[in-house]
Asker: 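My questions all concern the structure below.
By convention in this document, chain letters (A, B, ...) are assigned in the order of the sequence lines, proteins followed by strands, and residues within each chain are numbered from 1.
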There are 2 protein chains.
Amino acid sequence: MGTPLPRDPIADAQRNWERHGWGDVAAPMAAITAIMRTQQILLARIETVLKPFGLTFARYELLALLSFARSGALPMNKASALLQVHPTSVTNAVDRLEKAALVARSPHPTDGRTTLIELTAEGRTLAKKATEALNAEVFGKSGFGPDDVDHLIRVLGTFRRDAGDFED
Amino acid sequence: MGTPLPRDPIADAQRNWERHGWGDVAAPMAAITAIMRTQQILLARIETVLKPFGLTFARYELLALLSFARSGALPMNKASALLQVHPTSVTNAVDRLEKAALVARSPHPTDGRTTLIELTAEGRTLAKKATEALNAEVFGKSGFGPDDVDHLIRVLGTFRRDAGDFED
DNA sequence: GCAATATACTAGGACATCCAAGGGTTTGGA
DNA sequence: TCCAAACCCTTGGATGTCCTAGTATATTGC
């Protein structure tokens with residue numbers, strides 16, 4: 001995307017906010033902007049690792065979710081809820097994974113409205129390999145210290161709960 | 001996107017990682033996944049606030065950036081670098097903002113390759129209103145405590161610097 | 001001075017996300 | 001029993017992001 005900037009653009013933005021009399025929300029603005037940018041960086045790293053496997057993050061997440069399901073199968077709506085994405089996004093991902101023979105659609109045994117997504121043997125194998133690559137090259141080299149990781153999990157967990165993600 | 005889940009799906013994923021012998025990277029995985037999800041929640045809130053103004057976050061960011069430029073104008077490549085997005089994304093945003101008469105393209109006085117993006121009067125007015133709305137409804141109600149905000153800014157700042165965003 | 005290299009923007013394509021709408025299936029109350 | 005409301009998935013459309021190329025302009029080096 002380019003060479004490093006001489007100064008942190010988010011810190012600059014925070015200063016601009018303060019200079020315009022919005023000092024009371026400058027810090028939260030900076031924190032939120034930093035989260036957006038961090039997500040962008042992390043996503044790029046993840047996609048780079050997954051590319052050799054022919055996977056995107058969205059498809060990987062679905063494969064990983066299925067690989068942890070007892071039966072290796074889940075209803076589409078369940079996957080949508082657990083991945084916290086719109087149902088149409090799941091439809092999209094399943095379409096592509098199915099074309100790659102990594103998952104298969106099958107009718108729900110008792111509910112005619114529901115479609116089950118099932119992991120194929122290749123899908124299970126690929127999920128395992130992709131997970132090992134991500135663990136080694138992204139999660140194992142996150143750059144966050146152990147204390148920071150714990151803090152992030154706690155702070156963002158509270159945020160997500162308050163946002164209505166879960167009740168726990 | 002639906003009703004709250006009974007349990008935190010990211011905490012479940014972390015347990016699954018540990019159960020499969022990947023305990024050493026389970027926590028960073030959870031932290032990174034939490035960042036991805038938090039970004040999604042924040043982006044949705046921001047887009048909701050901006051929708052009445054006919055803006056998206058990408059377009060708003062460009063307007064805000066221009067509004068802080070001394071002359072109210074910036075070269076496209078400068079905007080791309082400061083917003084940390086691909087040049088084609090800036091082209092896309094400028095196309096739409098220009099169609100809405102919020103910005104205008106003008107040739108660079110000395111470099112024929114460069115195009116300047118200039119804020120129109122309406123663009124400046126809208127940027128100000130949109131900023132006030134975001135400050136009031138998103139940044140002012142982030143849900144993060146002051147200590148958490150400071151911690152996020154520090155930890156994510158270090159991460160972004162290490163990732164090569166800036167040198168500072 | 002001119003050719004080779006570098007830089008700036010845009011066009012086209014692949015993906016992902018969301019929303020709105022439509023068609024099929026279940027469920028529940030009159 | 002039966003029809004309306006609720007639920008599930010898919011299609012089509014709008015946006016945004018990135019990548020790869022292609023065109024135009026600047027800069028560099030011989």
Side-chain angles (χ1 to χ4, degrees), chain A residues 1-3 36-37 39-48 50-51 53-63 74-100 103-117, chain B residues 1-3 36-37 39-48 50-51 53-63 74-100 103-117:
Chain A
M1 209 101 355
T3 49
M36 311 291 276
R37 174 56 186 156
Q39 185 267 354
Q40 191 180 18
I41 293 168
L42 289 169
L43 181 59
R45 287 188 190 172
I46 291 171
E47 298 276 15
T48 298
L50 292 178
K51 199 177 192 75
F53 297 98
L55 291 175
T56 62
F57 187 47
R59 298 178 212 169
Y60 166 76
E61 278 197 297
L62 186 50
L63 283 188
L74 277 178
M76 309 253 322
N77 65 332
K78 200 84 177 173
S80 169
L82 291 173
L83 296 176
Q84 319 252 209
V85 295
H86 199 279
T88 55
S89 296
V90 177
T91 295
N92 185 325
V94 171
D95 283 349
R96 298 172 194 279
L97 288 171
E98 194 171 34
K99 205 164 294 179
V103 306
R105 269 183 247 243
S106 65
H108 189 286
T110 65
D111 189 334
R113 295 169 300 183
T114 300
T115 298
L116 291 176
I117 325 167
Chain B
M1 215 86 353
T3 50
M36 310 292 276
R37 174 56 186 158
Q39 184 267 353
Q40 192 179 20
I41 293 168
L42 289 169
L43 181 59
R45 286 188 189 172
I46 291 170
E47 298 278 15
T48 298
L50 292 178
K51 198 177 192 75
F53 298 97
L55 291 175
T56 63
F57 186 47
R59 298 178 212 170
Y60 166 75
E61 279 197 297
L62 186 50
L63 283 189
L74 277 179
M76 309 251 325
N77 65 334
K78 200 85 178 171
S80 170
L82 292 172
L83 296 176
Q84 319 251 211
V85 295
H86 199 278
T88 54
S89 296
V90 176
T91 295
N92 185 328
V94 171
D95 282 349
R96 298 170 194 280
L97 287 171
E98 192 171 36
K99 205 163 295 179
V103 306
R105 269 184 247 242
S106 65
H108 188 287
T110 65
D111 190 332
R113 298 168 298 182
T114 300
T115 300
L116 292 176
I117 326 166

Asker: Let me know the distance between CG of A/Leu55 and P of C/dC15, rounded to the nearest Å.
Answerer: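 The distance from CG of A/Leu55 to P of C/dC15 comes to 12 Å, rounded to the nearest Å.
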
Asker: CD of B/Glu47 versus C1' of D/dG16: gap in Å, rounded?
Answerer: 9 Å

Asker: Between A/Arg59 and B/Met76, which residue's closest nucleotide on DNA chain C lies nearer the 5′ terminus?
Answerer: B/Met76

Asker: Nearest-Å distance, CG (B/Leu43) to P (D/dT15)?
Answerer: 15 Å

Asker: Looking only at side-chain N and O atoms, does B/Thr114 come under 4.0 Å of OP1 or OP2 in C/dA8?
Answerer: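 For B/Thr114, the contact criterion (side-chain N or O under 4.0 Å from OP1 or OP2 of C/dA8) is not met.
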
Asker: At less than 3.5 Å, do the side-chain atoms of B/Thr88 and the base atoms of D/dC19 form a donor-acceptor pair?
Answerer: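 Flag set: donor-acceptor pair detected.
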
Asker: Report which part of the nucleic acid A/Asn92 touches: base, sugar-phosphate, or nothing (heavy-atom distance under 4.0 Å, all strands).
Answerer: base

Asker: Round to the nearest Å and state the distance from A/Ile41 atom CD1 to D/dC18 atom P.
Answerer: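 Nearest whole value for this atom pair: 12 Å.
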
Asker: Report the residues that fulfil side chain to side chain contact (heavy atoms under 4.5 Å, CB included) with B/Thr48, sequence neighbours left out, ordered by chain and then residue number.
Answerer: none

Asker: Can you list the residues that meet the side-chain hydrogen bond (donor to acceptor under 3.5 Å, both in side chains) rule with A/Ser106, with sequence neighbours excluded?
Answerer: none

Asker: Between C/dC18 and A/Ser89, is there an OP1 or OP2 to side-chain N/O distance shorter than 4.0 Å?
Answerer: yes

Asker: Return whichever of A/Lys78 or A/Lys51 has its heavy-atom-nearest nucleotide of DNA chain D closer to the 5' end.
Answerer: A/Lys78

Asker: Send over the distance from B/Leu62 CG to D/dT15 C1', rounded to a whole Å.
Answerer: 15 Å

Asker: List in chain and number order the residues that pass side chain to side chain contact (heavy atoms under 4.5 Å, CB included) with B/Arg113, two or more places apart in sequence or in another chain; answer none if no residue qualifies.
Answerer: B/Asp111

Asker: For D/dC18, does OP1 or OP2 lie under 4.0 Å from any side-chain N or O of A/Gln40?
Answerer: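 For D/dC18, OP1/OP2 do have a side-chain N/O of A/Gln40 under 4.0 Å.
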
Asker: Would you please confirm or rule out a distance under 4.0 Å between OP1 or OP2 of C/dT10 and any side-chain N or O of B/Thr91?
Answerer: yes

Asker: Do you know which two heavy atoms are closest between B/Glu47 and B/Thr56, and how far apart they sit?
Answerer: OE1-CA, 3.4 Å

Asker: Please state how far atom NE2 in A/His86 lies from atom C1' in D/dC7, giving the value in whole angstrom units.
Answerer: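 These atoms are roughly 14 Å apart.
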
Asker: If every non-hydrogen atom of B/Gly54 is compared with every non-hydrogen atom of B/Arg59, which pair is closest and at what distance?
Answerer: O-NH1, 3.9 Å

Asker: Output all residues satisfying side chain to side chain contact (heavy atoms under 4.5 Å, CB included) with A/Gln39, sequence neighbours left out; order by chain, then residue number.
Answerer: A/Leu43, B/Ile35, B/Met36, B/Gln39

Asker: May I have the distance from B/Tyr60 (atom OH) to D/dG16 (atom C1'), rounded to whole angstrom?
Answerer: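 So the two atoms are 18 Å apart, to the nearest Å.
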
Asker: How would you list, by chain and number, every residue that makes a side chain to side chain contact (heavy atoms under 4.5 Å, CB included) with A/Pro75, sequence neighbours excluded?
Answerer: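 Result, side chain to side chain contact (heavy atoms under 4.5 Å, CB included) vs A/Pro75: A/Asn77, A/Lys78, A/Thr114, A/Leu116.
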
Asker: What integer distance in Å separates B/Leu50:CG from D/dT15:C1'?
Answerer: 14 Å

Asker: So which of residues 103-113 of chain A are in contact with DNA chain C, with a heavy-atom cut-off of under 4.0 Å?
Answerer: A/Thr110, A/Asp111, A/Gly112, A/Arg113

